[in-house]
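Reading through the structure tokens given below for one structure.
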Amino acid sequence: MVYQVRIPVFEGPMDLLLHLLDKNEVDIYDIPIALISSQYIEYLSMAEEIDLELTSEFLLMACTLLSIKARMLLPKRRPEGEEILEDDPRMELVQKIIEYKLYKDIAGDFRERELNQSKLFCREIDEAGLLKQFPPANPLGNVAIADLLAAYGKVLRKIERRREVMSIAREEITLQDKIDEIIYALAQNPGGLSFHKLFTGLTQRSEVIVTFLALLELSRRGLILLRQNKLFGDILIYFKDFKGGLESAHTVS
Amino acid sequence: MPTLFPKDFKSVIEALLFVSGEPLSAQQISGILDVDEQDVVVLLKEIKADCERENRGFFLLEIAGGFIFSTRAEHAEYIEKLIKPRLNTLSQAALETLAIISYHQPVTRSEIEEIRGVKCDSSLNTIMERGLIDEAGRKEAPGRPILYKTTSEFLKYMGLKSLDDLPKIKKDELQEAVNES
Amino acid sequence: MPTLFPKDFKSVIEALLFVSGEPLSAQQISGILDVDEQDVVVLLKEIKADCERENRGFFLLEIAGGFIFSTRAEHAEYIEKLIKPRLNTLSQAALETLAIISYHQPVTRSEIEEIRGVKCDSSLNTIMERGLIDEAGRKEAPGRPILYKTTSEFLKYMGLKSLDDLPKIKKDELQEAVNES
């Protein structure tokens, strides 16, 4: 039976987090981090299944949640029983969520204002008519060549900004793209793909994160094996059907 | 489906006259309100009388088969005081449009809009009305769009002998300008 | 040399409001009429009351630090038959970006992105091209990033008298609200 999956679309990771906190009716100062992070990651995989492209910031937040979860698992006491005054690892995130929620609410207020205001019409100044009625001595007024140049500069900057936005949009890499890319590279390197080489030449932080998450995902699905021949040595990546001396290797998958 | 009382129709007609930059005919108004044209004519007369009786800042002028609100001649000196400083300068939009035309002429409206990223009918009108630009024939392209160029008035008041005197923008200077400001 | 009676000043103020196209402050009007600002305020109140009492097609709106005549919301359906309704509304992303800028100005792009948790290039471009924000110099910090501020067009767009008219944020109320939800 085919059923349609409907999932809401979020503005960004903060928006998704807020939604999950609302849905679970949890106290923002005591976020059940394990629950929220698993629901968060569940959303990401649902989005992936229906080919909803998410920006790398969603993945970055997944990393943050998992890192907080890991820190929460660390023992709060030293073996001698001495108390450690450590900050709640969730605090920084909580502050950010509160601040984001504030502006999201104001954006809602702005939306209402925009709607109300769109029903009001004012008169446009009839500049052409007024020019006829009160012709200025100098049609350029006090405009000098420097003003013209400044205006042209502003136009050129606008073009530049539009171009930047377009190129950023083009360079955005999805998790699925990266997974495909790695699978292709694995096929090209049956003798093992260097973990180190996989990351060299990546300049964007987002791409590094996506690459790392792609490896985790492939490993979770049991498609690859990671092998490290010596401690702190390079890690080699293989397809799962690879059969060579695994027993002796220090696997990290 | 309008559910307004006749009294409110007068208010709507005032609103239409208020926002319209062009004269409105009784026929146009009757079409918008879905009201008999004769009723509109009566209401227009009432509006005209109201403006006079209350000595409002504007009156209803009937021209070329249409009605338009217009300010009174005796207020011209004050209106000039308000408007003069504004006419003495160009809006940012008009300035940008003029800058694009001066560096890209002859250029069509859609080419300018392509560069600015926004519509520019109104700023084209303004600088045309000021005599700073003029039409320069039509482009041999689909739709044969009008081309625009700057005028000799533009050069004169900019203090330029010819277009060659416009400050040169070199590729890298341009890039710097983009990076800096 | 004005030779008008006070009664006529009201008519002149109406005329100025009618032609302006931009909100006018009592101070501007007092400068043009050479009349005490307090008197102008009284006359503006009278004009406002006249518009209401007579249910005129427009009313006096206090916005962006001044006064402007505006049509009434309940007449919008008719006016939209004459004038194209305003452009598309802003996206959620653009509204959030605008909300952050309005409370933090002057603010850099990366400061906005820090709060929203996502890139803002595209929404910054949108609200910049619509004239709702402008550049406000550069921050004295590494990379000298561009600072952004809201414009008076923003106040008009949102129907605000001034930035003080923005919804108040109280830090503790806010935290309570978060706790509840």
Query raised in the report: Listed by residue number, which members of residues 14-21 of chain C have a heavy atom under 4.5 Å from any heavy atom of chain A?
Result: C:Phe18, C:Val19, C:Ser20, C:Gly21

Straight-line distance of [X] [atom1] to [Y] [atom2], nearest 0.5 Å:
X	Y	atom1	atom2	value
A:Glu112	C:Leu95	CD	CG	11.5 Å
C:Leu166	A:Asp109	CG	CG	8.5 Å
A:Lys119	C:His75	NZ	NE2	13.5 Å
C:Ile115	A:Met14	CD1	CE	9.5 Å
C:Glu96	A:Asp105	CD	CG	10.0 Å
C:Asp165	A:Arg113	CG	CZ	6.0 Å

Report task. For the pair A:Ile106 and C:Ile169, evaluate side-chain contact (heavy atoms from CB on, under 4.5 Å) and give the outcome as yes or no after the intermediate values. Result -> CA-CA 9 Å; A:Ile106 287 164; C:Ile169 310 179; 3.8 Å; yes

Assess whether atom [atom1] of [X] is packed by more than 12 heavy atoms of other residues, nucleotides or ligands within 6.0 Å.
X	atom1	answer
C:Lys81	NZ	yes
C:Glu52	CD	yes
A:Phe212	CZ	no
C:Glu46	CD	yes
C:Gln105	CD	yes
C:Lys48	NZ	yes

Taking all non-hydrogen atoms of both residues into account, name the closest pair between [X] and [Y] and its distance.
X	Y	result
A:Leu120	C:Thr71	CD2-O, 3.3 Å
A:Ala107	C:Ala99	N-CB, 4.1 Å
A:Gln117	C:Lys156	CG-O, 3.3 Å

**Report entry** Closest-packed option against chain A by number of heavy-atom pairs under 4.5 Å, given C:Val118, C:Leu160, C:Ile68
**Finding:** C:Val118

Query raised in the report: Do A:Phe110 and C:Phe154 have ring centroids that are under 6.0 Å from one another?
Result: yes

Please check this pair: side chain of [X] against backbone of [Y], looking for a donor-acceptor N/O pair closer than 3.5 Å.
X	Y	value
A:Arg111	C:Leu90	yes
A:Glu57	C:Lys119	yes
A:Glu11	C:Gln92	no

**Report entry** Salt bridge A:Lys96-C:Glu114, side-chain N to carboxylate O under 4.0 Å
**Finding:** yes

Query raised in the report: Given that the side chain runs from C-beta out, which part of C:Ser91 has a heavy atom under 4.5 Å from chain A: side chain, backbone, both or neither?
Result: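 It is the backbone, since no side chain atom gets that close.
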
Report task. Using non-hydrogen atoms and a 4.5 Å limit, figure out which bit of C:Glu22 sits close to chain A: side chain, backbone, both or neither. Result -> neither

Report task. Might you work through the side-chain contact (heavy atoms from CB on, under 4.5 Å) test for C:Ile112 and A:Tyr103, ending with a clear yes or no? Result -> CA-CA 11 Å; C:Ile112 303 166; A:Tyr103 294 107; over 6 Å; no

**Report entry** Contacting moiety of A:Lys154, where chain C heavy atoms sit under 4.5 Å
**Finding:**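 For A:Lys154, the side chain is the part near chain C, not the backbone.
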
